[in-house]
Undergrad: 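Please read through the structure below; I'll follow up with questions.
The figures here come from the full heavy-atom set of this structure, side chains too, leaving out hydrogens, waters and symmetry mates.
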Amino acid sequence: MTATTMIEFIFIALGLMFTAVLFHRFPKVSSINDNQSDYPSVSVIIPVRNEETTLPRLLNDLKAQSITAIEIICVDDASEDATANIVSAYDVQLISLDDKPAGWLGKSWA
């Protein structure tokens with residue numbers, strides 16, 4: 001072995017040792033238990049407009065979470081598709097915005 005190869009080997013070995021030490025110090029995530037009283041209450045508000053293709057996937061994912069939401073509210077901004085039907089099929093609260101204020105800018109304001 002040459003001196004250069006030996007120095008490279010030492011640097012690589014030191015790098016691996018420091019990596020192991022640094023990663024060992026990362027905090028560990030505790031597993032979620034069945035007692036949800038330890039977690040804060042969660043409400044989810046979703047602004048929707050013409051989301052009949054994407055909304056079922058989002059609502060399925062929300063229902064499958066380990067921490068269940070207390071309420072899921074969809075704020076419908078004058079959808080022209082079956083968004084309202086999908087929301088009602090998932091037993092989610094729907095707020096329809098019929099009277100919009102002047103200067104309304106769409107979903108982001110919902």
Undergrad: Taking everything shown except N60 itself, do over 12 heavy atoms lie less than 6.0 Å from its CG?
TA: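 Correct, the count exceeds 12.
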Undergrad: Do M6 and L14 belong together in a cluster built from hydrophobic side chains that touch within less than 4.5 Å?
TA: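 In one cluster: yes.
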Undergrad: Does I12 share a hydrophobic cluster with F18, counting links as ILVMFWY side-chain heavy atoms below 4.5 Å and allowing steps through other members?
TA: no
Undergrad: Considering non-hydrogen atoms only, spot the tightest contact between N50 and S79 and give its length.
TA: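 Of all heavy-atom pairs spanning N50 and S79, the closest is N-OG, 2.9 Å.
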Undergrad: Run the side-chain hydrogen bond (donor to acceptor under 3.5 Å, both in side chains) test against S43 and tell me which residues pass, sequence neighbours left out.
TA: E71
Undergrad: Quick one: are L62 and I46 in side-chain contact, heavy atoms under 4.5 Å?
TA: yes
Undergrad: What's the shortest heavy-atom distance between T54 and E51, and which atoms?
TA: OG1-OE1, 2.6 Å
Undergrad: So do L59 and I72 actually touch side chain to side chain, heavy atoms under 4.5 Å?
TA: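 They are in contact (side-chain heavy atoms under 4.5 Å apart), so the answer is yes.
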Undergrad: In Å, rounded to the nearest 0.5 Å, how long is the span from CD of Q93 to CD1 of I45?
TA: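 Rounded to the nearest 0.5 Å, the CD-CD1 separation comes out at 9.5 Å.
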Undergrad: Listed by chain and number, what are the side-chain hydrogen bond (donor to acceptor under 3.5 Å, both in side chains) partners of D81, not counting sequence neighbours?
TA: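 Only T83 meet the side-chain hydrogen bond (donor to acceptor under 3.5 Å, both in side chains) criterion with D81.
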